[in-house]
Engineer: 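Input: one structure, supplied below.
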Amino acid sequence: MHHINDLLNFSTADLTEILDCAIKIKASPEDYRDALSHQSLAMLFQKTSTRTRVSFEVAMTELGGHAIYMDWQTSNFILTDLAYEIEYLSRNVQVIMARLLSNDDFQIMADASQVPMINGCCDRYHPCQALTDVLTMIEHSEKPLPDLHLLYSGVQNNVSNSLILMADRLGFSLTLATPEPEIRAASFDPRLQAITQDSEKINHVDDPRIAIDGADFIYTDTWIDMQFFNDPEKKAEKAALLTKMQPFQVNESLIEGHDLMIMHDMPIHNDYEITPGLVRDPRSIIFNQAANRLHAQKGLLYWLLNAQTSP
Ligand code: CP
């Protein structure tokens with residue numbers, strides 16, 4: 001049984017199969033209307049979401065299955081042993097997706113679950129977003145995936161971690177322009193750090209201008225964890241972070257004269273990590289990328305429940 005988490009145990013073939021499922025289902029959705037008939041997905045949220053919730057729920061509907069939304073605060077997950085609640089839940093549904101504050105909780109849940117668990121974003125990984133991002137890159141370029149160069153400019157976080165894994169397994173070039181490899185950050189994973197150090201196609205720079213020549217895509221993400229964005233107690237920390245991150249902002253000056261496409265996983269914070277002009281720039285594929293969450297989710301659910309060939 002596969003759990004979708006750090007993806008470190010996933011091969012190039014596994015990830016290619018998932019992406020191929022997404023591409024096929026997107027091309028011929030009518031052929032998959034009953035693909036997950038009588039199958040249920042439970043969706044657990046400790047944190048807010050727009051895209052993850054909508055895309056998983058619509059994916060299940062369009063594949064003939066059913067999705068159950070569960071808010072952490074209004075379920076008994078807040079009252080008792082996490083492993084007990086997950087074991088119970090996994091006896092009722094065929095797959096569980098959870099958006100959690102900590103990957104430690106995901107590990108407990110994966111150990112207790114009798115069905116596949118999908119990480120819908122935590123402090124360390126965002127595998128569903130990274131699958132979507134690769135699907136979007138494939139769709140928006142004539143070049144084969146291994147010839148593409150993705151420049152990520154922003155903070156080291158769950159998204160950049162999952163992009164490292166994708167680049168390593170699928171062979172595209174990835175440059176991470178971040179202030180420094182933040183080894184004390186909550187998202188730090190030494191296994192991904194080792195992959196980055198060993199790879200010729202994944203590297204780190206401390207200025208996005210160094211790496212922008214030849215980049216096919218520039219990608220950014222929010223600088224501040226969503227649960228802290230409006231927290232008054234984090235005001236000073238947020239101000240310091242904004243100053244530190246300003247050189248990494250995706251703006252008109254950075255990309256002037258460069259023929260590349262602009263990506264952002266949303267939600268967007270205008271004039272922080274990106275300027276609003278670039279969100280609507282002709283080079284922006286941000287809304288196509290966000291819409292692809294649905295198609296990536298369909299591919300992933302179909303692969304997990306119907307199509308996977310390895311145990
Ligand atoms: N990109 C993403 O995960 O969006 P949501 O937080 O809205 O789910």
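Atoms within a ligand are numbered from 1 in the order they appear, just like the ligands themselves.
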Engineer: Polar contacts were defined as any N/O atom of the residue lying under 3.5 Å from an N/O atom of the ligand; does this apply to Thr48 and ligand 1?
Structural biologist: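 For ligand 1, there is no N or O atom that lies under 3.5 Å from one belonging to Thr48.
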Engineer: When you measure from the side chain of Arg124 to the backbone N and O of Asn5, does any donor-acceptor pair fall under 3.5 Å?
Structural biologist: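 No; zero donor-acceptor contacts below 3.5 Å.
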Engineer: Could you check whether any heavy atom of Lys47 sits closer than 4.0 Å to an atom of ligand 1, since that is the contact criterion I want to use?
Structural biologist: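 Distance cut 4.0 Å: Lys47 fails for ligand 1.
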Engineer: So, 4.0 Å and heavy atoms of Arg293: is ligand 1 close enough to count as a contact?
Structural biologist: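 It does, in that a heavy atom of Arg293 comes within the 4.0 Å cut-off of ligand 1.
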Engineer: Counting heavy atoms not belonging to Arg283, are there more than 12 under 6.0 Å from its CZ?
Structural biologist: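 Counting neighbours around CZ of Arg283, more than 12 heavy atoms of other residues, nucleotides or ligands fall under 6.0 Å, so yes.
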Engineer: Looking at Leu19 and Leu131, what are the two nearest heavy atoms and their distance?
Structural biologist: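 For Leu19 versus Leu131, the nearest heavy atoms are CD2-O, 3.6 Å.
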Engineer: Within a reach of under 6.0 Å around OH of Tyr84, are more than 12 heavy atoms found that belong to other residues, nucleotides or ligands?
Structural biologist: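 Not more than 12 within 6.0 Å, no.
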Engineer: Taking the minimum heavy-atom distance to atom 3 (O) of ligand 1, which of His126, His264, Arg51, Gln289 ranks first?
Structural biologist: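 It is His126 whose heavy atom sits nearest to atom 3 (O) of ligand 1.
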Engineer: Between Arg99 and ligand 1, find which residue part has any heavy-atom pair under 4.0 Å and reply side chain, backbone, both or neither.
Structural biologist: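 It is the side chain that touches ligand 1; the backbone stays farther off.
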Engineer: Does the N or O separation between Ser49 and ligand 1 drop below 3.5 Å for any pair?
Structural biologist: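 Yes, Ser49 has an N/O under 3.5 Å of an N/O on ligand 1.
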Engineer: Looking at Arg169 and Phe10, what are the two nearest heavy atoms and their distance?
Structural biologist: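 Shortest heavy-atom contact: NE-O, 2.7 Å.
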Engineer: Taking N or O atoms only and a 3.5 Å limit, does Met266 qualify as a polar contact for ligand 1?
Structural biologist: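 Checking ligand 1 against Met266, an N or O pair does fall under 3.5 Å apart.
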Engineer: Would you indicate whether Lys24, at its atom NZ, is surrounded by more than 12 heavy atoms from other residues, nucleotides or ligands within a distance under 6.0 Å?
Structural biologist: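 Result for NZ/Lys24: open.
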